[in-house]
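Quick notes on the structure that follows.
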Amino acid sequence: MSSAGGPPQRGGRGRGSDRGRGPGEGRGRGGYRGDRGGGRGGGRGLFQDLPHRPAQGDSGRGDFRGRGGRGGRGGGQGGSDQGPPIHSPPGGAPQPSARVTQAENAQASSLVKKERSVGYPERPGYGTQGRSVQLFANYFELKSVGKSLFRYHIDIDGGPRKPPGRKAKQIISLFLDDHFPQFRRSIVTDYKSNMISHVKIMEQDQVPVKYTVTYRGEKEDGPRENPETYRVTCQFTGRVDPAELLNYLTSSNAANMLHEKAEILQALNIVFGHHPKSSNSIASVGANKHFAIQDAVTEKFNLGAGLEALRGYFVSVRAATARLLVNVQVKYVACYQEGPLGHVIREYQYDNGRGVPALKKLLDKLRVRVTHIKRTNKKGEDIPRIKTILGVATPNDGKSLEKPPRVNCLGAGPNDVSFFLDAPEQGKKSKNIAGPKPSGSYITVAEFFKRNYNIQVDFNMPVVNVGSIAKPSYLPVEVCQVVSGQPAKTKLSSKQTRQMLNFAVRSPAQNARSIVTNGTKTLGLGDHANPTLMDFGIQTSSSLITVPGRVLPSPNVYYKDEKSKDKQITPMYGSWNMKSIRFSTSSNLQKWACILINAGGRQYFSAPADLQECLQRFTQKLREVGVNANPPVSMTRLDITGQSAETLIDAKIAEVMRQHQPKLILTILPWSDTAIYNCVKKSCDIRHGVRNINVLAEQFAKRNEQYFANVGLKFNLKLGGVNQVVRPNQLGIIGEGKTMLVGIDVTHPSPGSAKGAPSVAAMVASIDSLLGQWPAEIRIQRESRTEMVDALDSMLQAHLRRWAANHKGAYPENIIVYRDGVSEGQYDLVTEQELPLLRNACKDIYPAPDTAKNLPRISIIIVGKRHHTRFYPTRQDDSDRSNNTVNGTVVDRGVTEARNWDFFLQAHTALKGTARPAHYYTVWDEIFLKQKITPPAKNAADMLEAMTHHMCYLYGRATKAVSICPPAYYADLVCTRARCYLSSAFEPATPTGSVIGSSDPTVMVDSNDVLIHPNVRDTMFYI
């Protein structure tokens, strides 16, 4: 029966999970990403061939996604920290640990003496080049590692379906309370499948033991009538000792191995996460991000439209040479506003209108506290009644019931939703009334709550269903309070995104101060140690560690002058300008066309003559910078409206191609419309095979010389030119002309993608030592959400053929792979699954004499962008204009392990926020091991660090150093372009304001959907 809410019924390989964005990077892969200091500096953006915006800084991570449209009204609490520009703790910055430095040197010496073999590379020594600096890192040292730990696996069995996350958490809490009360302070859990204790709690070592748990709600004194029961299986899985890991990290014996390293780190992370996950004043998102929601350290900001931002903290135990560290980083999440549900709905409708489908999506699975019925336990505490909203009332609710509810329309209000109420519930029933019992009647939700609870409801607010479609249970918004700390599942509007950035983009010193104050309080670290850590004998320091760093010198960049002679440019702060210079290698453009797309709104070109004059000036600028362009052979206007827009765009491009056969089409877009952009790219790259560059009418019409020059960067690259170069001796082995660089990345379906959306792999590769041209290959993965690339062999062979075509049939002797997008736990899979595919590709295509020489040699380096490591200057003299570490900063000591070959490199300058360094981790090496060390390098570490740093100045779409090296950056761009081709799968809901209608939410894709036309296949079509 429907109701109206009546009485209840290998170790050490580091990589994290957040991802930074660079200048204008709104790429649509998983939404708004914090850490804007991770900015690539190259103007990526959904409209990625538009000129770039300045690089941004670190905003932490926000688990939300930006979208066009109106936004909220902002405001809120959280405060501003306007303290000193440099993090300056009392007593100043301590020196880096001499004990750690001594251990690093001893281990490095031991590794150098060890006989090396091709394969997994141990550190060849620490880097020596550059100016020395001292930096804070966002790590606390583990002063006491605690006791031996007993590990247990737990599993809940209670029927055909596993209980959902929050219910599983309550079941595990009851399991511990009921069966191990004497050990309660000695046990921690991740509330999923793992349990850790520092005392042995079970006699059986190998045999799993089953326990019965009778369910009761939070703060309830006992089970209800006919309670649910669950069987919890618990099994001892082993004992680990953190002290053994510390001994291993301190030992200078290069042959030492510790197979339990990953298990020890996992156990320690469960210990550190237990306190915040167990606290009602902290909301935990994922495994290790925690946000205060009820106490004095809560930091929130109103985003508008029913959402608010929370500032919280990521925590993770990491292994480093001679010590264990606790990594803490500022994080952000967009949540539903805590408080009355009616307020959230009104705020949302204020900005988004009263459309019911969108509101239904907003409310889906939103948890609310129901207030019209109050219950208390024996202690006098309120027993919370939490319900999950299924959605709004619909005419299809309860159709199978004998007396189904009556709902006038989708999202009907409380006066338009009626349900059948049995007669005994209408009032007191007299015991002596003769005759048949009353049969009951229909009653509106509004009348029911007025009669039974004296609650006057708003007839204009929708009724929400907290039951099911089959058996609905209706509530008016007046009795629903939104539970705090629930991450929003909707995309942010553009205004909400701006509000988030206002709250999240902060200076390095502000983030550092937040970590050592509110961060330690929220997580219970240092001087604020929580009871769990104290009981386990674990203690952390209360101040951030300092580490040694080095600032590598910037390379000189070379273009051509008016007489085609080399012109040297010396970068300042990692950037430069193109004044009075020409591209290093020019290009020719004899035939090109322009299409002006009009979709209504403001007209930036009032007459054909106006557009012609603008194009004349643009053509002149192209010639000045090195693109030998004739005037366009065609200028045409296309008016698009409604559902036919995609057809109109494709037909117009086909017409231009048929009449003029241009080499390139310049498309002037009316505004930043994702759907129009995707249509243009799909038509040009896939269907008709013509190079394409998009510009915005508003910007292009301004006729700005710098803007024209920036667009010229893309013209030259798409036409096969090379924009800038560095001297061959700055690129180490690459400069010898026998080394091909490869970049690999994979993009996966994001939340909201259609059913059937695939994962897509991308590979780019250099064609010569200039590193100016990087053609690309795209493949759809056989299985969605699989990171390991299954078509590497065919992709690499296509690139090898291009290399041979540029080298008189010769193939590269060396292949250096920069692999993007791989998590720490997948490092070994790269060498186990992807490396054999690369080898097979080479074996099938290389001539026998080369294979007899074991050519090519292959090295693989993982590029990490989602890690949580940040560095802060300790002196004003060692900071840049935004008080970040200066561009070129490299760190390979203090937070790394001596046995692993990795380093952090911040090659770019972040103009805003906190800079995020890239993390490079070598998982396979057959090249640098055999390289002769040439001055000024003193070891292979110097060579790899310098080569990678100098490459960051060769990203062709910007006049600045970027935050990750071009192979990884370009592969990432190709993935973004693939998402354009598959927009119906990745973005089934059309952004607000688009002139193109939405797609079917269920799609089927195949390889032809990303098959690049032969005419542009060998170009940088994705730029």
Side-chain angles (χ1 to χ4, degrees), residues 10-16 89 93-111 122-123 126 134-149 240-254 256-258 260-269 271-272 314-329 515-516 519-520 523 525-527 529 533 536-549 824 867-872 874 891-904 919 921:
R10 202 185 245 200
R13 300 180 176 185
R15 190 170 191 259
Q95 291 294 315
S97 171
R99 173 181 57 85
V100 170
T101 301
Q102 182 179 3
E104 288 173 335
N105 292 338
Q107 291 186 16
S109 297
S110 176
L111 289 169
E122 295 173 310
R123 190 180 297 277
Y126 288 99
Q134 180 178 309
L135 309 169
F136 284 111
N138 60 337
Y139 287 82
F140 299 94
E141 184 168 358
L142 211 55
K143 295 164 63 176
S144 174
V145 298
K147 312 167 185 177
S148 294
L149 302 176
V240 294
D241 189 350
E244 292 183 4
L245 174 55
L246 191 58
N247 291 336
Y248 164 76
L249 296 171
T250 306
S251 171
S252 60
N253 185 349
N256 268 9
M257 296 290 291
L258 182 64
E260 296 81 14
K261 177 183 173 183
E263 287 79 5
I264 295 173
L265 289 175
Q266 181 194 40
L268 287 173
N269 276 307
V271 174
F272 274 84
F314 164 92
V315 61
S316 176
V317 180
R318 310 295 296 178
T321 301
R323 58 185 172 181
L324 288 167
L325 300 173
V326 181
N327 181 205
V328 179
Q329 170 61 356
I515 289 170
V516 298
T520 56
L523 302 171
L525 305 179
D527 296 338
L533 296 184
F536 274 72
I538 294 174
Q539 184 180 6
T540 66
S541 62
S542 57
S543 58
L544 300 179
I545 66 170
T546 56
V547 297
E824 176 183 349
H867 61 83
H868 302 270
T869 298
R870 304 291 181 272
F871 301 109
Y872 316 116
T874 59
V891 176
D892 58 5
R893 288 178 177 263
V895 293
T896 62
E897 284 189 66
R899 294 177 178 86
N900 302 326
W901 188 4
D902 66 330
F903 60 93
F904 294 91
H919 182 222
Y921 192 109

[X] and [Y]: which non-hydrogen atoms are nearest, and at how many Å?
{"X": "Arg123", "Y": "Glu897", "result": "NH2-O, 3.1 Å"}
{"X": "Asn256", "Y": "Ser251", "result": "ND2-OG, 2.9 Å"}
{"X": "Ala898", "Y": "Leu111", "result": "O-CD1, 3.2 Å"}
{"X": "Ala319", "Y": "Lys261", "result": "CB-CE, 3.9 Å"}
{"X": "Ile545", "Y": "Glu141", "result": "CG2-N, 3.9 Å"}
{"X": "Thr874", "Y": "Gln134", "result": "OG1-O, 2.7 Å"}

How long is the span from the [atom1] atom in [X] to the [atom2] atom in [Y], to the nearest 0.5 Å?
{"X": "Glu260", "Y": "Gln266", "atom1": "CD", "atom2": "CD", "value": "13.0 Å"}
{"X": "Thr520", "Y": "Leu544", "atom1": "OG1", "atom2": "CG", "value": "9.5 Å"}
{"X": "Leu246", "Y": "Leu258", "atom1": "CG", "atom2": "CG", "value": "11.0 Å"}
{"X": "Leu265", "Y": "Arg318", "atom1": "CG", "atom2": "CZ", "value": "7.5 Å"}
{"X": "Glu263", "Y": "Leu268", "atom1": "CD", "atom2": "CG", "value": "12.0 Å"}
{"X": "Trp901", "Y": "Glu122", "atom1": "CH2", "atom2": "CD", "value": "12.0 Å"}

Margin query: Walk me through whether Thr321 and Leu249 qualify under side chain to side chain contact (heavy atoms under 4.5 Å, CB included).
Written below: CA-CA 5 Å; Thr321 301; Leu249 296 171; over 6 Å; no
Next item on the list: Dump the intermediate steps for side chain to side chain contact (heavy atoms under 4.5 Å, CB included) on Val326 and Phe272, then the final yes or no.
Entry: CA-CA 9 Å; Val326 181; Phe272 274 84; 3.8 Å; yes
Sidechain-backbone polar pair: [X] side chain, [Y] backbone, donor-acceptor under 3.5 Å:
{"X": "Asp241", "Y": "Ala243", "value": "yes"}
{"X": "Arg323", "Y": "Thr250", "value": "no"}
{"X": "Gln329", "Y": "Thr869", "value": "no"}

Applying ring pair (Phe, Tyr, Trp, His ring centres under 6.0 Å), can you list everything that pairs with [X], at least two apart in sequence or on another chain?
{"X": "Phe904", "result": "His867, Phe871, His919"}
{"X": "Tyr139", "result": "none"}
{"X": "Phe140", "result": "none"}

Next item on the list: Please test Leu325 against Val317 for side chain to side chain contact (heavy atoms under 4.5 Å, CB included), starting from the C-alpha separation and ending with a verdict.
Entry: CA-CA 6 Å; Leu325 300 173; Val317 180; over 6 Å; no
Notebook entry, point to check: Should Gln539 and Leu533 be marked as a side chain to side chain contact (heavy atoms under 4.5 Å, CB included) after you check the CA-CA gap, both sets of side-chain angles, and the distance that decides it?
Noted result: CA-CA 7 Å; Gln539 184 180 6; Leu533 296 184; over 6 Å; no
Check: Quick one: do the Asn105 and Arg893 side chains pair a donor with an acceptor below 3.5 Å?
Finding: yes
Notebook entry, point to check: Between the side chains of Asn327 and Ser316, is a donor N or O closer than 3.5 angstrom to an acceptor N or O?
Noted result: no
Checklist line | Set of residues satisfying side chain to side chain donor-acceptor pair (under 3.5 Å) with respect to Arg899, sequence neighbours excluded | finding: none
Can you tell if the side chain of [X] reaches within under 4.5 Å of the side chain of [Y], non-hydrogen atoms only?
{"X": "Val240", "Y": "Ile264", "result": "yes"}
{"X": "Phe536", "Y": "Val145", "result": "no"}
{"X": "Pro548", "Y": "Pro96", "result": "yes"}
{"X": "Thr546", "Y": "Leu135", "result": "no"}

Next item on the list: Let me know which of Thr896, Asp902, Asn900 forms a side chain to side chain donor-acceptor pair (under 3.5 Å) with Tyr921.
Entry: Asn900
Item checked: By side chain to side chain contact (heavy atoms under 4.5 Å, CB included) - contacts of Ala106 (at least two apart) -> Ser252
Note to self: Please list all pairs meeting salt bridge (charged side-chain N to carboxylate O under 4.0 Å, His left out) that have one or both residues in residues 536-547, counting only residues at least two apart or in different chains.
What the structure shows: none
